[in-house]
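Okay, so here's the structure we're looking at.
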Number of protein chains: 2
Amino acid sequence: MIELRDITKTYRMGKIAVHALRGVSLEVKAGELVAIVGPSGSGKSTLMNIIGCFDVPTSGEYRLEGKEVGRLTDNDLARLRNRKIGFVFQKFNLLPQLTAWENVQVPLLYAGVRLQERRERAAKALRQVGLGDRLHHRPNEMSGGQQQRVAIARALVTRPSFLLADEPTGNLDSNSGREIMDLLFSLNEEGTTLIVVTHDGLLAKRFPRLVEIRDGQLVREEVQ
Amino acid sequence: MIELRDITKTYRMGKIAVHALRGVSLEVKAGELVAIVGPSGSGKSTLMNIIGCFDVPTSGEYRLEGKEVGRLTDNDLARLRNRKIGFVFQKFNLLPQLTAWENVQVPLLYAGVRLQERRERAAKALRQVGLGDRLHHRPNEMSGGQQQRVAIARALVTRPSFLLADEPTGNLDSNSGREIMDLLFSLNEEGTTLIVVTHDGLLAKRFPRLVEIRDGQLVREEVQ
Ligand SMILES: Nc1ncnc2c1ncn2[C@@H]1O[C@H](COP(=O)(O)OP(=O)(O)OP(=O)(O)O)[C@@H](O)[C@H]1O
Ligand SMILES: Nc1ncnc2c1ncn2[C@@H]1O[C@H](COP(=O)(O)OP(=O)(O)OP(=O)(O)O)[C@@H](O)[C@H]1O
Ligand SMILES: [Mg+2]
Ligand SMILES: [Mg+2]
């Protein structure tokens, strides 16, 4: 269960203040499917980074499974992020010096999974996203879409209870995009909570619940 | 005029050889509008990097305005690239330590344009892409879509005769994407040759000429 109440986020750059989020309240129940849409620069990634515990709000409350995230210690936060949350960043954030296989093993390494099992689970996740033949490629030896799929495999491999994806199909052709989303929807059927930011109108229609952000505010909620 | 004949590109990784392009021939006349489509990993970016003189083919011939690109000196190549070609990379490639304004001035600096004019033209290009209020932001102080629009402004600012854009709307919502493409089409009406890689089916329909790449080969050409 994700509960956000009056979340604000202000970036300060010298004298300039950018109000990326201006009081967002949102609840997402376990196992739900939610799409977040909105114009470029409206605050979607800022909101996702807060939900994923990669950034802290300027004010407001955030509870994840009943726990107030703002009061957790750094260690607790890191464990929570690593065990519960899978995150696909908009800019992928792959480690450039590691191969696809190694990149996908990183979250399992933090979770203390043994080498043999790490390698098997990482290879399986890469096959699931259609990259069984790119295990030994580093990020600069893959196309944009392939790098995005490595980032998706890395988010899935720890079997998280919450999967947050920030434009997971932005670099994919429509067929590859559909295959990836079919995979994410099948994980949701098994119980994973799925929150996806997308600019793709056709994809947004596949979600039973749609939330629109504009200028840092939640302006529309739709049940489809 | 762009003339590619039997272009191949092979990446070697130790014993593995990846045949990204397997003999592509393509002619694009001055002032044309061409869309390149195809699945993730099919060779689109590889082809664009060769057309934009950012990479060299393994074999085959490439003539740009009648000159054989393979025979040009490094200096000639750099001048050609800087004066004739505007390029929007799939991964943006903005300089992280520079502001949006400074990033857009960089190509003008190489072209020897004076400071005053550089600053005015760069600010105008950023306003044209809707970022008049983000001149002093660095890449990590902007959203994904805003960074993409800075990359587009940088490609336009030298008023190139060829504009190559690798998924210029991949990180944009449909409205921002349409506005950007209206801007690029208006440049084409003034004579700029425009080649765009896109996964967006609706956008591809706006192009009179469509080229499809699969598995490193040109498999379809369509006049719409
Ligand atoms: N430096 C490299 N070393 C090895 N293989 C590479 C390298 N760069 C690209 N490749 C491979 O070449 C093929 C073509 O890549 P390219 O980036 O041109 O694809 P693309 O059509 O642009 O895909 P996308 O739509 O995902 O961006 C891919 O299969 C990729 O794995
Ligand atoms: N570190 C920062 N410093 C200052 N402003 C920032 C920073 N990061 C983001 N912003 C601003 O906050 C606003 C929200 O950014 P965010 O990345 O959340 O947008 P978004 O909805 O994800 O957009 P896109 O669809 O383009 O990815 C933008 O206007 C952006 O310029
Ligand atoms: Mg974003
Ligand atoms: Mg590409």
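Convention: sequence-line order gives letters A, B, ...; per-chain numbering from 1.
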Could you look at [X] and say if it's the side chain, the backbone, both or neither that has a heavy atom under 4.5 Å from chain A?
X        : value
B/Gln146 : both
B/Val18  : side chain
B/Ser45  : neither

Subject >> Non-hydrogen atoms of B/Gly38 and A/Asp173 that approach each other most closely >> reply: O-CB, 3.9 Å

Original post:
At their closest point, which heavy atom of B/Gln90 faces which heavy atom of A/Asn171, and how far apart are they?
Top reply: NE2-OD1, 3.0 Å

Chain B interface, residue from [options] that has the most non-hydrogen pairs under 4.5 Å:
options                               : value
A/Lys91, A/Gln148, A/His199, A/Glu167 : A/His199
A/Gly145, A/Gly177, A/Ser42, A/Gly14  : A/Gly145
A/Ala20, A/Ser176, A/Gly41            : A/Gly41

**OP:** Step through the shown structure and confirm whether more than 12 heavy atoms of other residues, nucleotides or ligands are within 6.0 Å of CG on A/Asp74.
**Re:** no

Original post:
Just wondering, are more than 12 heavy atoms of other shown residues or ligands nearer than 6.0 Å to OH in B/Tyr110?
Top reply: no

Could you pull out every donor-acceptor pair under 3.5 Å between side chains of residues 152-159 of chain B and any protein atom, sequence neighbours left out?
from: B/Arg154; atom 1: NH1; to: B/Asn93; atom 2: O; distance (Å): 3.1
from: B/Arg154; atom 1: NH2; to: B/Phe92; atom 2: O; distance (Å): 2.8

Original post:
By number, which residues in residues 126-143 of chain B have some heavy atom less than 4.5 Å away from chain A?
Top reply: B/Arg134, B/His136, B/His137, B/Glu141, B/Ser143

**OP:** Verify side-chain contact (heavy atoms from CB on, under 4.5 Å) between B/Ser40 and A/Arg149, making sure each step is shown before the conclusion.
**Re:** CA-CA 10 Å; B/Ser40 169; A/Arg149 283 182 279 158; 2.8 Å; yes

